[in-house]
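Reminder, nothing fancy here: chain letters follow the sequence lines and each chain counts from 1.
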Amino acid sequence: MSDRALLSVEDLEVSFNTPDGVVRAVNGVSFSVDRGDVFAIVGESGSGKSVTAMSILGLLPTAEIKAGRILWQGENLLAAPDSRMREVRGGEIGMIFQDPLTALNPVHSVGRQIGEMVRVHQGMNKKQSLAHAIEMLDLVGIPQPDRRVNMYPHEFSGGMRQRDMIAMAIACRPALLIADEPTTALDVTVQAQVLEVLISIKDEIDSAIMLITHDLGVVAGVANKIMVMYAGASVETGDVDQVFDQSAHPYTIGLLNSVPSVDGSEEELTPIGGQPPSMINLPTGCPFHPRCRFMKAGGLCDSVNPPLIEIGSVGHRAACHYAAEVATIRLAERS
Amino acid sequence: MLTYILRRVVGLLFTVWGALTIVFFLFFLLPDNPANLIAGGGNRPVPESVVKNVARKYGLDKPIAVQYVNYLGNVATLDFGKSFKDDRQVSSIIGERAPASVRLAIWAMVIEASVGISLGILSAKRKNSFADTATTVTASVASAIPVFVLGYAFQQLTGVYAFDHDWPSWVRLPVQGLGPNEWFLGIIPSIDQLRSLVQPAIVLASVSTVIVARLTRTTMLETSKSDYIRTARAKGLTEGQITRKHTLRNAMIPVITFLGIDFGTLVGAAILTETVFNWPGLGSKIVVAAEGRDLPTMVGLTTVVVFVYGFVNLLVDISYAWFDPRVRLGTKGSK
Amino acid sequence: MIDESLLELAAPSRSFRSDAWRRFRSNRLALVGMALVLLLLIAGLIGPFLVQDPLIQDRLKFKTGPDSQHWFGTDQIGRDVFARIIYGIRLSLFVGFLVTLLESLVGVTLGALAGWFGKWVDSAIMRLVDVFLAIPYFVLAVAFIAVLGRGISAVIVTLVITSWLVTARVVRASLVQAKEFDYVEAAKAIGVPTRRIITRHILPNVIQPVLVLEAIGIGSAVLAEAALSFLGVGVQEPTPSLGLMISRSKSFFSEAPGLLFFPALAIVITVLGFLLIGDGLRDALDVKEDV
């Protein structure tokens, strides 16, 4: 592993036992995140993106990790004891969640919650941790941090609250920050501000960001690498430019076509027909084939599950038997 | 915080005033001849002249409105007249017997809160274990056992059975009475005093302890599903730290509220407990007064109870604000 | 066009009732509760025709233990304990049902008025309730007894007055909540007549918590009567009351523990039975649990 590589997930499989059957939430996902990356994981609800993220920190006590490795700076976290995981959580990998109002404890001041990070991981005392909390609040752009540090979550506006959560997550200067839908609950104008904060923090402490989102606009704005997930599997990965401009998977193309463009240059939206698959009874072969407009009847689509194979440029992979054709058709449609 | 307290106090005063009006209605308007009752004529005939004297003395021959004003005035000066039974000032009877009731009530609440909450936390931790189911079952059965039956059972056990079967002397407890009335700082019993206090206190506490335990269990389980608990885990805290610093603080809020409401139940149960154990407090006195239809004493005791209950609820409201900053600061929200 | 039949999907319908009944039947504890209450009803309704006179004193036998003639023995003045228990159960059930019936009439009416009309009606009624509730339940009961005197009618009136408050509160709260439900708005929007909205959509939601409350309330009324009689201010001698029997038994415990034990057991079974039914109803009627 190069010294810029931080996280490497290999063939991760996570499932849940429910009364209705076994839900295979993540089926063989692999990716890696380097220092300085903003790595976006994109997919619909139920695609397995949140489960992937939370499995990294072991936050799903009811989940069964069936296979795979999660290598954090060379160490397999899935084999790590609880005490080591606790060190990693917050100390080396920080995480922020979708709704800051419910994700922050309502009865503790934000200063106390931020300070808790350094008290637990670095043994600071109360006074030191408070000073550090003020520093963190300043770093995320909260005005008058010395006054705000004693305020409670509900006293902040949505965007400010999310910054509080960011301040808390980076308090120990983690090398990786996982952001699970950080802007979904916010107004569009505030979204941009929060994203800006995330990027500036990343540059400031030279860390990486793993961004879970369903919003392609956000991805286009800040991410450099992307992994598209569908039905618990990654269907296309690569640099954002590659994946957006030279999309080679039908699902990715469908997603891009479903997004209205702000300047109104699209004639009509073409949604992806059909329903997301049942995670208990996945379709045979490629999980996307029932909804795929490129599906070849009589081909491999309904019998063999396509592996991720490299297409065109280095690092760009797609899980489609006919990826090259699809990519070509796509380029033709767009020109 | 101050406005919150002031609003609560005003609300309390209004409610107390309303309750006192009900008391007035009950004791002065409802009986067709209050003077007769006050003179002692509830259970036996009383000479006409005596009744007339009483009517004049208590102003019962005046118009209702005047009586009402007089009543409120008397309440303010704590003058409830004389009990015809003891021929003593009701206020001095109250003053004499109140400490015993207060001490019993406080200790019962201490037991109820500490045992109940601890059991609840334990039940929540070991959800669905034997201990947990046992507590739930005991809760149901215990609430069906009348408190006076429990009191009797205790008395028989420690007062009769223990003696007959030569149990160690520390188990052979006095079954009646106050005991030596020895208290440190007004509230802490001497060892001898403890021997008289322990049974009535436990019996009185038993009414609600298991309910408190069940409620605590529920709130602990509910709270632990909150988003901010997941955040705390993502920060790398140990389970113990999470329970102590995050779950508990939030889970206690509904429990505290309940303890306040439950004080009313406690007062009712105290009437029965004091009677069974011959504890010379306000509860046992109210029974005697009701039996003898001693109106002045009833009015005095009921009024005192209304004030105390109202005060306790005020304390609960205030402590509620201390626990939950959203209440304290108002959910004014965004800045 | 929105078809009103679509609203049937959101509101409780006839099949909901049978669904709830099925759930209730499968709840073992609830069935135990029903069995207990059934047992008590048989004892209370039919028992008095089958047992001896509870008032007759057998002057040859005081405080004797159970034997062939007196299944639970005799009490301190020679009366048959078993008969007294049966009559005591009948009294408890009578008081329990009557009080609950009357207080729910008062409570549901006032609570419904408050919840439905809102504004000053709501304010006035709820202030009244709050003010009454400022006096602890049992203290209020004892106070009423002091004024009204002893005996069973006084007990019933007293318990009705102290119990309607919580019912009113619960009814008002569910009504206010039900009014706000989205499907009620939807029904209004497509012009469903008010009467139908009430009977089909709102009423079922209100009845559920009230039913649970009243079921458990029967047990509470039984306990309260027992407590008042125990204190001597409720039912008077020689009428058999379980609470009264317990208070009289105190001095004779070592000789005749059954005098305390049997009435106590009867009370516990009664309260427990209704408690279990109430809990069972709560679980069976809670629509949200079924997701």
- Could you walk me through whether T265(B) and Y137(C) pass the side-chain contact (heavy atoms from CB on, under 4.5 Å) check? CA-CA 7 Å; T265(B) 318; Y137(C) 169 70; over 6 Å; no
- Query: Under a 4.5 Å heavy-atom cutoff, which of T270(C), I267(C), I145(C) has the most pairs with chain B?
  - Reply: I267(C)
- Task: To the nearest 0.5 angstrom, please state how far the CD1 atom of I145(B) sits from the CG atom of L272(C).
- Result: 9.0 Å
- Correct closest heavy-atom pair for F27(B) and A143(C) would be CZ-CB, 3.8 Å
- Answer with side chain, backbone, both or neither: which region of V306(B) has an atom nearer than 4.5 Å to a non-hydrogen atom of chain C? both
- Query: Contact part of L275(C) toward chain B, heavy-atom cut-off under 4.5 Å: side chain, backbone, both or neither?
  - Reply: side chain
- Task: Measure distances from V147(B) to the heavy atoms of chain C and classify the residue's part below 4.5 Å as side chain, backbone, both or neither.
- Result: neither
- Contact class of L133(C) relative to chain B, heavy atoms under 4.5 angstrom: backbone
- Message: Does any part of the side chain of V267(B), heavy atoms only, come nearer than 4.5 Å to the side chain of V139(C), both counted from C-beta?
- Response: yes
- Is the CZ atom of F94(C) crowded by more than 12 outside heavy atoms at less than 6.0 Å? no
- Note on the structure: Separation between CD1 (I22(B)) and CD1 (I161(C)), nearest 0.5 Å, reads 10.0 Å
- Task: State, to 0.1 Å, how close I286(B) and V142(C) come at their nearest heavy-atom pair, and which atoms those are.
- Result: O-CG1, 4.1 Å
- Closest non-hydrogen atom pair, E291(B) against R150(C): O-NH2, 3.6 Å
- Write down the atom of G264(B), the atom of P136(C), and the distance for their closest heavy-atom approach. O-CB, 3.6 Å
- Item | Parallel, tilted or perpendicular: rings of F148(B) and F230(C) (30°, 60°) | parallel
- Message: Quick check: closest heavy atoms across L272(B) and F138(C), and the distance to 0.1 Å?
- Response: CG-CE2, 4.1 Å
- Closest heavy-atom pair, T15(B) versus D130(C), reported as atoms and distance to 0.1 Å, is CG2-O, 3.8 Å
- Query: Can you say whether F274(C) sits under 4.5 Å from chain B via the side chain, the backbone, both, or neither, judging by heavy atoms?
  - Reply: neither
- Message: Out of L140(C), I246(C), V233(C), return the one with the most heavy atom pairs under 4.5 angstrom to chain B.
- Response: I246(C)
